[in-house]
Asks: 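Input: one structure, supplied below.
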There are 2 protein chains.
Amino acid sequence: MRLSDSIEQFIKELLNEESTEVELKRNELAEYFGCAPSQINYVLATRFSPDHGYLTESRRGGGGYIRIVRVVQAGSQRLMYLVNDRIGDSLEEEECLRLISQLKEQRIVTADEAALMASVISGRALAVPVPDALKNAMRAKMMKSMLMTIAARNRD
Amino acid sequence: MRLSDSIEQFIKELLNEESTEVELKRNELAEYFGCAPSQINYVLATRFSPDHGYLTESRRGGGGYIRIVRVVQAGSQRLMYLVNDRIGDSLEEEECLRLISQLKEQRIVTADEAALMASVISGRALAVPVPDALKNAMRAKMMKSMLMTIAARNRD
DNA sequence: CATTCTCTGACTATCTTTGACCTATTGAGT
DNA sequence: ACTCAATAGGTCAAAGATAGTCAGAGAATG
């Protein structure tokens, strides 16, 4: 079996038993599997990306760590549908607003949060000299990023 | 756990129980934690800066001390200061994160909102081929836009 | 074979901790 | 008042401890 698959499986077992998040030391893990530390980054990038339903955060320096949070779960199906299927690589402002408004009606986000989301993807907030096509690409990424964050808290 | 984190936590507990300010002896604290005195300065610089919502003052010589004050400010006042003075035309990701974290500590935004804000200004959310200078200009606008939205509901 | 996926290593970036040296304040002795 | 020793805290650079990035070699796949 491939090294990457072993590491992936190892991490997923930790996530199953313990809960929805694990914290590990990159160097320790690499030593355990007898591989280069950067291999761990490869596994994170290819198997624990947001598109796979995971969020990661890390710190360097003494006492550094890597934390992996599993986001995909029952209650957030609607959100994961939006992230994985509904939203593509580009999204116009009007469409963003429609989605946000739907989420509010469905009580997935509060009115305050909806207002926050709407304000940040607005034309006013993105008023810099960048082509519209790129702005819409950013809107798609911004929306996905926010929805993932919301999904990460709705773990039920 | 990191030494710096322990010291940070220790000081924050003092600030919670007693009031909005504490006075400490640098050398005593260093001895208590068994570290170099300058370690204390490091903790103050990285975790109790004005951006983190704290002010510090100190005196040298006999009877010297370090005083740490947690800044309390009305929500809308704080937000308007950020929008009008603190945030200019450009803001790096790290600086955004510092401000967001401070707003959370001061209970001006909820933890959920802070997470939402952090996710949308992150490098991941803005990963399109646009120069960093422009991304930072956008971050400034995005932050202002979000803060104004929050201010619009915080009538205090 | 060509392509795509894995894996490594050299280089880089970031965070923490310490120690040597510097500056300010106080108080005793003159 | 003046001086100096004792007592604080401040600064900064260097070392230590982690993690990230990226190009290219190697392996698997179709």
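Just so we're on the same page: letters track the sequence lines, and every chain starts at 1.
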Asks: When all nucleic acid strands are considered with a 4.0 Å heavy-atom cut-off, which category describes A/L3: base, sugar-phosphate, or nothing?
Replies: sugar-phosphate
Asks: Near DNA chain D, counting only heavy atoms under 4.0 Å, which residues of residues 121-133 of chain B show up?
Replies: none
Asks: State, with a plain yes or no, whether a side-chain heavy atom of A/E113 is found less than 4.5 Å away from one of A/L103.
Replies: no
Asks: Using 4.0 Å as the upper bound for N to carboxylate O, is an ion pair formed by A/E94 and A/R98?
Replies: no
Asks: Is any side-chain heavy atom of A/L126 closer than 4.5 Å to a side-chain heavy atom of B/K141?
Replies: no
Asks: Can you measure B/F33 atom CZ to C/dT18 atom P for me and round it to whole angstrom units?
Replies: 12 Å
Asks: Apply side chain to side chain donor-acceptor pair (under 3.5 Å) to B/Y54 and B/E105, showing your working.
Replies: CA-CA 11 Å; B/Y54 297 87; B/E105 270 190 40; 3.2 Å; yes
Asks: Answer with base, sugar-phosphate or nothing: what part of the nucleic acid does A/R67 contact at a heavy-atom distance below 4.0 Å?
Replies: nothing
Asks: Can you sort out which residues in residues 4-11 of chain A have a heavy atom within less than 4.0 Å of DNA chain C? Ascending by number, please.
Replies: A/S4
Asks: Just jot down the salt bridge (Lys or Arg N to Asp or Glu O under 4.0 Å) partners of B/E57, sequence neighbours excluded, or say none.
Replies: B/R67
Asks: Taking B/G64's backbone N and O only, do any of them form a donor-acceptor pair with B/K25's side chain (distance below 3.5 Å, no angle check)?
Replies: yes
Asks: Whole angstroms only, please: what is the CD-P distance between B/Q39 and C/dT16?
Replies: 9 Å
Asks: Where along nucleotides 9-21 of chain D does protein come under 4.0 Å, by heavy atom, of base (B) or sugar-phosphate alone (S), with - for untouched nucleotides?
Replies: BBBB----BBBBB
Asks: One thing to verify: whether B/R86 and B/E95 come together as a salt bridge, which I'm taking to mean a side-chain N less than 4.0 angstrom from a carboxylate O.
Replies: yes
Asks: Minimum heavy-atom separation for A/A137 and B/V128, please, with both atom names.
Replies: CB-CG1, 4.0 Å
Asks: Mind jotting down which residue pairs meet the side chain to side chain donor-acceptor pair (under 3.5 Å) criterion with at least one end in residues 122-134 of chain A? Sequence neighbours excluded, please.
Replies: A/R124-B/S145
Asks: Pair B/R47, B/Q9 - check side chain to side chain donor-acceptor pair (under 3.5 Å), show working.
Replies: CA-CA 10 Å; B/R47 288 132 160 102; B/Q9 198 181 323; over 6 Å; no
Asks: Can you check nucleotides 25-30 of chain D for protein contacts, nitrogen or oxygen pairs under 3.5 Å, and list what you find?
Replies:
none

Asks: Answer yes or no: is there a donor N or O on one side and an acceptor on the other, between the side chain of B/E93 and the main chain of B/I121, under 3.5 Å?
Replies: no
Asks: So, do A/V43 and A/F48 sit near enough that their side-chain heavy atoms are less than 4.5 Å apart?
Replies: yes
Asks: Is the shortest side-chain heavy-atom distance between A/I11 and A/I7 below 4.5 Å?
Replies: yes
Asks: How close or far is atom P of C/dT16 from atom CE of B/M1, stated in whole angstroms?
Replies: 12 Å
Asks: At less than 4.0 Å, is any side-chain N or O atom of A/Y42 found next to OP1 or OP2 of C/dC7? Yes or no.
Replies: no
